[in-house]
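Written below as structure tokens is the structure these notes are about.
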Amino acid sequence: MMTAGEWLIGILVLLGALFSLLSSFGLIRLPDIYLRSHAATKSATLGVLCILTGAFLYFWLFMDHISVKLLLGIVFVFITSPVAGHLNGRAAYRSGVPLWPGSVSDELQAELARERAEWEQERGQVQGEISKIQHMKNS
């Protein structure tokens with residue numbers, strides 16, 4: 001049992017390190033922020049999760065200690081890292097960071113144009129209300 005546990009822990013930590021290395025190459029080599037965000041959220045998250053799982057198994061099998069902190073770390077990394085990557089990509093897109101010229105499609109372009117038109121319409125309505133209030137105030 002101990003030998004199988006040692007092998008499993010070693011494989012998990014090694015896989016985690018390889019995924020983290022792959023993620024770092026992706027962050028360096030990929031051409032735009034959107035692809036880099038994908039590399040950071042997918043492979044780095046998987047790498048960290050493998051390493052944390054290996055550490056959890058080590059403490060559980062060899063130290064007879066179930067680490068709640070490691071379990072919480074696994075859960076929080078699993079939840080927060082992809083969400084943060086998605087929000088970073090969305091913020092970059094909304095602020096006008098251009099796509100890589102080799103990108104095949106831009107599915108959000110029409111949606112963003114619709115949202116901006118709605119925002120401009122609401123802004124115009126608010127401006128109209130403000131001018132009415134100012135006119136009433138001056139009268």
Side-chain angles (χ1 to χ4, degrees):
M1 165 91 180
M2 292 297 184
T3 309
E6 290 172 354
W7 276 100
L8 180 62
I9 291 167
I11 289 171
L12 280 172
V13 171
L14 184 62
L15 275 174
L18 289 174
F19 279 121
S20 296
L21 181 67
L22 181 67
S23 176
S24 66
F25 285 139
L27 288 173
I28 293 169
R29 298 289 299 166
L30 291 173
D32 69 351
I33 183 108
Y34 309 106
L35 294 173
R36 289 180 186 148
S37 174
H38 182 76
T41 57
K42 302 292 187 213
S43 57
T45 301
L46 187 57
V48 169
L49 290 177
C50 285
I51 291 172
L52 289 177
T53 303
F56 174 78
L57 289 176
Y58 173 78
F59 283 114
W60 182 34
L61 295 176
F62 295 108
M63 301 287 187
D64 292 328
H65 174 71
I66 295 179
S67 177
V68 177
K69 290 178 184 178
L70 281 173
L71 286 176
L72 287 174
I74 290 168
V75 170
F76 287 137
V77 167
F78 184 73
I79 292 172
T80 59
S81 184
V83 172
H86 173 76
L87 290 177
N88 284 336
R90 204 169 158 94
Y93 188 83
R94 288 181 178 274
S95 65
V97 175
L99 294 170
W100 174 52
S103 295
V104 177
S105 68
D106 184 4
E107 297 175 359
L108 289 177
Q109 187 175 19
E111 181 68 23
L112 187 62
R114 185 187 62 78
E115 284 181 11
R116 284 185 178 161
E118 287 176 2
W119 182 79
E120 288 293 331
Q121 182 181 8
E122 289 174 7
R123 182 176 171 214
Q125 290 173 352
V126 169
Q127 291 290 338
E129 293 294 323
I130 290 173
S131 64
K132 285 180 187 177
I133 291 172
Q134 286 176 346
H135 180 69
M136 289 173 50
K137 196 179 201 182
N138 292 335
S139 299

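Remember, predicted model here, so these are calculated numbers, not experimental data. Throughout, residue positions are numbered sequentially from 1 according to the sequence presented.
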Taking every non-hydrogen atom, the tightest pair across Ser23 and Ser43
CB-OG, 3.0 Å
Taking only residues two or more places apart in sequence or in another chain, which ones pass side-chain hydrogen bond (donor to acceptor under 3.5 Å, both in side chains) with Glu118?
Arg114
Evaluate the side-chain proximity of Leu22 to Leu18: yes if any heavy-atom separation is below 4.5 Å, no if none is.
no
Atom pairs and distances, side-chain donor-acceptor, residues 46-72, under 3.5 Å, sequence neighbours left out:
residue : atom : partner : partner atom : Å
Thr53   : OG1  : Leu49   : O            : 2.7
Ser67   : OG   : Leu70   : N            : 3.2

I'd like to check the salt bridge (charged side-chain N to carboxylate O under 4.0 Å, His left out) partners of Glu122; sequence neighbours left out, ordered by chain and number.
none
Those residues that, when tested against Glu120, pass side-chain hydrogen bond (donor to acceptor under 3.5 Å, both in side chains) (two or more places apart)
none
Find out if a path of hydrophobic residues (ILVMFWY) with successive side-chain heavy-atom gaps under 4.5 Å connects Leu112 to Tyr34.
yes
Sorted by chain and residue number, the salt bridge (charged side-chain N to carboxylate O under 4.0 Å, His left out) partners of Arg116 (sequence neighbours excluded) come out as none
Contacts table for residues 123-133: side-chain donor-acceptor under 3.5 angstrom, sequence neighbours left out:
residue : atom : partner : partner atom : Å
Ser131  : OG   : Gln127  : O            : 3.4
Ser131  : OG   : Gly128  : O            : 2.8

Under 3.5 Å: donor-acceptor pair, side chain of Ser37, backbone of Gly85
yes
Output every pair passing side-chain hydrogen bond (donor to acceptor under 3.5 Å, both in side chains) with a member in residues 71-95, not counting sequence neighbours, ordered by first then second residue.
Thr45-Ser81, Tyr93-Asp106, Arg94-Glu115
According to side-chain contact (heavy atoms from CB on, under 4.5 Å), who are the partners of Leu35, at least two apart in sequence or on a separate chain?
Leu30, Pro31, Asp32, Trp100
Could you work out, with side-chain contact (heavy atoms from CB on, under 4.5 Å) as the rule, every residue matching Leu21, not counting sequence neighbours?
Ser24, Phe25
Under 4.5 Å side-chain heavy-atom separation, chaining through any Ile, Leu, Val, Met, Phe, Trp or Tyr, what else clusters with Leu27? Say none if it is isolated.
none
Looking at residues at least two apart in the chain, or sitting in another chain, which of them share a side-chain contact (heavy atoms from CB on, under 4.5 Å) with Arg29?
none
side-chain contact (heavy atoms from CB on, under 4.5 Å) partners of Pro98, counting only residues at least two apart:
none
